[in-house]
J.: 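Pasting a structure here, questions to come.
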Amino acid sequence: MSHAVSDVELARSLEGGFVSSHADVNGIRLHHVAGGRGEPLVLLGGWPQTWWEFHKIMPPLAERFRVIAVDLRGMGGSDKPASGYDKKTMAGDIHALMRHLGHDAVNIAGHDIGGMVAYAFAANHPASTRRIALLDIAHPDDRFYGHSLLPRPGRQQIDGDIHAGPGRFLWWFAFNQVPGLPERLLAGRSRHLIDWMCDYLIEDPSAVSDRDRDIYAHAYSTADAIRAGNAWYRAFGQDIADEKTYGPVTAPILALGGGEGGYRLLRQVLTGKGTDVEVVEVPGSGHYIPEEQPDTVVKHLTRFFA
């Protein structure tokens with residue numbers, strides 16, 4: 001891994017006057033990067049990445065919005081406490097941060113784990129939610145219990161090769177449930193995981209550069225960082241229980257779905273989850289939509305949030 005670049009340096013490298021900061025809210029310290037002017041637009045990333053996954057879309061969005069990219073509880077430059085990784089609590093973190101920054105209501109977009117938090121934010125803080133966008137993800141619900149323990153031949157693998165299968169075998173959902181072991185296996189070796197995930201879930205692996213992968217690998221290089229990232233997955237049971245108490249989200253929802261069935265799945269899953277739901281397919285993209293198709297993401301987010 002090459003020399004780590006600080007969040008301060010990374011923020012300064014983006015056009016739009018972005019600044020890296022920290023805030024003490026909801027009992028933890030959260031890192032965030034903010035720039036631009038206009039209505040607040042919060043960006044929440046996922047595993048195994050950081051706020052940097054939005055670096056391609058932040059400058060153009062900053063021309064219209066006050067963009068605030070946040071490292072979630074357990075991510076990157078934010079605290080990694082022993083508990084609080086259910087998405088309802090994490091949404092409370094973001095709500096407290098927005099109040100700290102002086103915003104009563106925000107637009108919010110989330111990818112992967114960040115999308116789950118964005119949905120929980122809208123469900124639990126409707127008065128503070130203008131509109132939400134979910135990037136290739138939906139909130140955990142009972143369907144998560146149906147994920148296959150073994151890859152299905154012809155659907156998630158071909159001739160025993162999961163890379164050749166047309167679907168996705170979500171083995172890491174189970175791996176991240178195991179307490180203690182991932183930290184021992186991955187501490188100091190997280191670049192191997194980053195490369196595997198990027199290459200497996202992406203249409204064009206070059207969309208996430210070697211430098212980007214180093215940035216993510218550095219963020220997950222310690223046992224504490226790996227434990228915290230795994231904790232987002234270990235909280236899925238609580239997330240599923242919490243979701244049963246939510247009614248349909250009243251804020252308008254935009255869902256962007258990538259390849260390998262992401263778009264079709266979101267069309268199925270989000271039915272009934274909101275009162276105003278739009279699902280859009282992003283051609284030529286796998287799971288990492290903000291990095292694979294940044295122009296398309298900017299176009300849809302600008303249209304939707306404006």
Side-chain angles (χ1 to χ4, degrees), residues 3-26 28-80 90-103 105-118 121 128 130 132-133 135 194 207-209 211-221 225 228-229 232 288-291 294 297-298 301-302 305:
H3 174 70
V5 181
S6 71
D7 284 318
V8 172
E9 294 174 279
L10 291 173
R12 287 175 179 167
S13 73
L14 302 179
E15 294 183 4
F18 285 95
V19 176
S20 169
S21 305
H22 290 82
D24 294 318
V25 295
N26 208 29
I28 63 170
R29 193 168 190 249
L30 288 183
H31 172 252
H32 56 94
V33 173
R37 299 178 63 182
E39 287 190 359
L41 170 55
V42 182
L43 302 178
L44 306 178
W47 182 90
Q49 296 174 291
T50 69
W51 72 271
W52 182 250
E53 73 163 275
F54 300 113
H55 70 279
K56 294 181 182 179
I57 69 173
M58 289 168 67
L61 288 175
E63 297 175 6
R64 295 287 301 272
F65 306 98
R66 177 63 174 173
V67 177
I68 307 163
V70 185
D71 276 337
L72 301 169
R73 172 188 296 247
M75 175 184 288
S78 292
D79 278 353
K80 300 165 180 62
M90 293 170 72
D93 295 342
I94 304 305
H95 185 256
L97 176 62
M98 293 307 106
R99 289 296 179 89
H100 174 83
L101 296 176
H103 303 302
V106 299
N107 294 311
I108 185 167
H111 172 245
D112 194 78
I113 298 295
M116 301 175 186
V117 177
F121 184 98
S128 298
R130 289 179 172 144
I132 68 169
L135 308 185
I194 300 297
V208 181
S209 70
R211 179 174 182 259
D212 298 335
R213 295 175 188 218
D214 264 356
I215 290 169
Y216 302 141
H218 175 73
Y220 292 88
S221 62
W232 301 327
Y288 300 107
I289 297 178
E291 290 162 295
V297 172
V298 169
L301 294 189
T302 300
F305 289 124

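No hydrogens, no waters, no symmetry mates; every other heavy atom, side chains included, goes into these values.
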J.: Could you pull out the closest heavy-atom pair between G76 and D71, with the gap in Å?
T.: CA-OD2, 3.7 Å
J.: Determine the interplanar angle of the Y220 and W232 rings, folded into 0 to 90°, and report it as parallel if under 30°, tilted if 30 to 60°, perpendicular if over 60°.
T.: perpendicular
J.: Keeping the roles fixed (side chain from R66, backbone from E39), state whether a donor-acceptor pair exists under 3.5 Å.
T.: no
J.: Run the side-chain contact (heavy atoms from CB on, under 4.5 Å) test against P40 and tell me which residues pass, sequence neighbours left out.
T.: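 Partners of P40 by the side-chain contact (heavy atoms from CB on, under 4.5 Å) criterion, ordered by chain and then number, come out as I68, H103, V106, R130.
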J.: Cut-off 3.5 Å, side chains only: do W47 and D112 have a donor facing an acceptor?
T.: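 Judged by distance alone, the side chains do not pair up.
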J.: Would you say the side-chain atoms of E53 pair up with the backbone N or O of G46, donor to acceptor, closer than 3.5 Å?
T.: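 Flag set: sc E53 to bb G46 pair under 3.5 Å.
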J.: Could you tell me which non-hydrogen atom of P294 sits nearest to which non-hydrogen atom of K56, and how far apart they are?
T.: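 Shortest heavy-atom contact: CB-CB, 3.8 Å.
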J.: Using side-chain heavy atoms (C-beta onward) and a distance below 4.5 Å, is L72 in contact with D93?
T.: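 L72 does not reach D93 side chain to side chain.
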J.: Heavy-atom distance under 4.5 Å between the side chains of M75 and I113, does that happen here?
T.: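 Sidechains of I113 and M75: no contact.
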J.: Would you say that T302 contacts L61 through its side chain, given a criterion of any heavy-atom pair below 4.5 Å between the two side chains?
T.: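 Sidechains of L61 and T302: in contact.
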J.: Taking the side chain as everything from C-beta on, heavy atoms only, tell me whether F121 gets closer than 4.5 Å to H95.
T.: yes
J.: Can you confirm whether W52 sits close enough to D212 that some side-chain heavy atom of one is under 4.5 Å from a side-chain heavy atom of the other?
T.: yes
J.: Could you give the distance from OG (S6) to CZ (R12), rounded to the nearest 0.5 Å?
T.: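 Nearest 0.5 Å value for the OG-CZ distance: 7.5 Å.
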J.: Please report the shortest heavy-atom distance between H31 and S78, naming the atom on each side.
T.: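 Closest pair (atom of H31, atom of S78, distance): N-OG, 2.8 Å.
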J.: With E291, which of H55, H111, Q49 fulfils side-chain hydrogen bond (donor to acceptor under 3.5 Å, both in side chains)?
T.: Q49
J.: Drop me the distance from I94's CD1 to S128's OG, to the nearest 0.5 angstrom.
T.: 12.5 Å
J.: Might you point out which heavy atoms bring I194 and Y216 nearest each other, and give the distance in Å?
T.: CD1-CB, 3.9 Å
J.: Report yes if some heavy atom in the side chain of L97 is under 4.5 Å from a heavy atom in the side chain of L101; otherwise report no.
T.: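 In contact.
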J.: Quick one: CD1 on I57 to CG on L301, what's the gap to the nearest 0.5 Å?
T.: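 Nearest 0.5 Å value for the CD1-CG distance: 5.5 Å.
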J.: Closest approach of L44 and A118, non-hydrogen atoms and distance?
T.: CD1-N, 4.1 Å
J.: Restricting to non-hydrogen atoms, name the atom on V208 and the atom on R213 that form the minimum distance, rounded to 0.1 Å.
T.: O-NE, 2.9 Å
J.: Within the distance-only criterion (no hydrogens, no angle test), does the side chain of H22 pair as donor or acceptor with the backbone N or O of G77 below 3.5 angstrom?
T.: yes
J.: When you measure from the side chain of R64 to the backbone N and O of G38, does any donor-acceptor pair fall under 3.5 Å?
T.: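 Side chain of R64 to backbone of G38: no pair is present.
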J.: Could you tell me the separation between the CG atom of D7 and the CH2 atom of W51, rounded to the nearest 0.5 Å?
T.: 6.0 Å
J.: Between NE2 of H100 and CG of D24, what distance do you get to the nearest 0.5 Å?
T.: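 Interatomic distance, H100 NE2 to D24 CG, rounded to 0.5 Å: 7.5 Å.
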J.: Would you compute the distance between atom CZ of R73 and atom CD1 of I28 and round it to the nearest 0.5 angstrom?
T.: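 That separation rounds to 4.0 Å.
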